[in-house]
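Working notes, beginning with the structure itself.
Note that this is a predicted model, so its numbers are computed, not measured. Naming convention: chains lettered A, B, ... in sequence-line order (proteins, then strands); numbering from 1 in each chain.
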Protein chains: 2
Amino acid sequence: MSLTKAEEQLMEYIWQKEKVFMKELIECFPDPKPATTTVATLLKRMQDKGFVAYTLYGNSREYYPLVEKKDYFSKQMSGMIKNFFNDSVAQFGSFFARDTSMSTQELEELRNIIDEEIKRKQNG
Amino acid sequence: MSLTKAEEQLMEYIWQKEKVFMKELIECFPDPKPATTTVATLLKRMQDKGFVAYTLYGNSREYYPLVEKKDYFSKQMSGMIKNFFNDSVAQFGSFFARDTSMSTQELEELRNIIDEEIKRKQNG
DNA sequence: ATTTTAATTCTACATTTGTAGAGTAACATA
DNA sequence: TATGTTACTCTACAAATGTAGAATTAAAAT
């Protein structure tokens, strides 16, 4: 199962904070901030889906993610790559380099990252 | 505005075919195929959203995309990058290289693509 | 102990999305 | 031209989503 838009937004704040009480979460939102009940509903649904859990402190809960951002994101990416690029990561990469408006500098930075990654994989 | 999951699936077929009649679209789906009315509804909504248009041939319509796949996809990516990577393409690239399960071969392929792209940009 | 405050649950409701039946219009053909 | 065929529109409806009021519970403050 996957997060909806509203849940995803909230999840992003949770990932940022690592651990967080509802009150703090609401403060993360720009005005107009959602009602506490709205956030509570989303948190509930996210628990049901297995994305967050909490530790009880007194009467309030400190929420934390059960799914890592990178795993969630990877899954999202896989989905897109599957749908749009015939399940070929390379085809996607090609698209990404060509058709995303990256500056030369950004491209070079990316190439360096990839280079390092290749080396890292070759060594161990 | 953006496409829903079902619309996106349909759009993918339209992009593949470039021009297509509803009948052919339905054939694209795996069994169990959706009812014609279902596809018709989706096509209608997609027209309203400005994603497809059609040419009339007799009493039937040949649909074609108004939005290019790469543009649509770019926008999707931008959204994700904005949400998950603080609007930094490089940060995304870094994530992509490190945390997506790409083989060394795929990474090398990607590096070559990026290299070419850098050269292309430097020349003209 | 009583009041205040804050978090959680229950319930609700409008909107969006996925899906399709029934009816209608137009075309093909006997 | 009557009849079947196909595509489209209108309408409908269940499920998912975004949002939040009312009631409840529990902690905190006085």
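- Residue Thr4(A) places at least one side-chain N or O under 4.0 Å from the OP1 or OP2 atom of dG18(D).
- Taking atom NZ of residue Lys5(A) and atom C1' of nucleotide dT17(C), one finds them 15 Å apart after rounding to whole Å.
- Under 4.0 Å is where a charged nitrogen must lie from a carboxylate oxygen, and between Glu117(B) and Arg120(B) at least one such pair does.
- Annotation: of the two residues near DNA chain D, Lys23(B) and Glu7(A), the 5′-most nearest-nucleotide partner is Lys23(B).
- We find that CZ of Phe21(A) is positioned 11 Å from P of dA28(D), with the value rounded to whole Å.
- The CG atom of Leu42(B) sits 9.0 Å away from the NZ atom of Lys49(B) when rounded to the nearest 0.5 Å.
- Rounding to whole angstrom units, CE of residue Met22(B) and C1' of dT19(C) are separated by 14 Å.
- If you take CZ of Arg61(B) and P of dC27(C), they are 12 Å apart, rounded to a whole angstrom.
- If you take CD on Glu24(B) and CD on Glu62(B), they are separated by 7.5 Å, rounding to the nearest 0.5 Å.
- Between the CE atom in Met11(B) and the OG1 atom in Thr4(B) there is a gap of 12.0 Å [rounded to 0.5 Å].
- When the P atom of dA6(C) is taken as reference, atom CD of Glu24(A) falls 14 Å away, rounded to whole Å.
- Counting any heavy atom pair closer than 4.0 Å across all strands shown, Thr38(A) reaches a base atom.
- Regarding Phe29(A), its CZ atom lies at a distance of 14 Å from the C1' atom of dA20(D), rounded to whole Å.
- Summarising the local packing, NZ of Lys5(A) is surrounded by 12 or fewer heavy atoms from other residues, nucleotides or ligands at distances under 6.0 Å.
- Within residues 39-57 of chain A, the residues that have a heavy atom under 4.0 Å from DNA chain C are, in order of number, Ala40(A), Lys44(A).
- A side-chain donor-acceptor contact under 3.5 Å links Lys33(A) to the backbone of Phe29(A).
- Using cut-offs of 30° and 60° on the angle between ring planes, the pair Tyr72(B) and Trp15(B) is tilted.
- Atom pair Gln9(A):CD and dT17(D):P shows a separation of 17 Å (rounding to whole Å applied).
- Put simply, OH on Tyr63(B) is 12 Å from C1' on dT6(D), counting in whole angstrom units.
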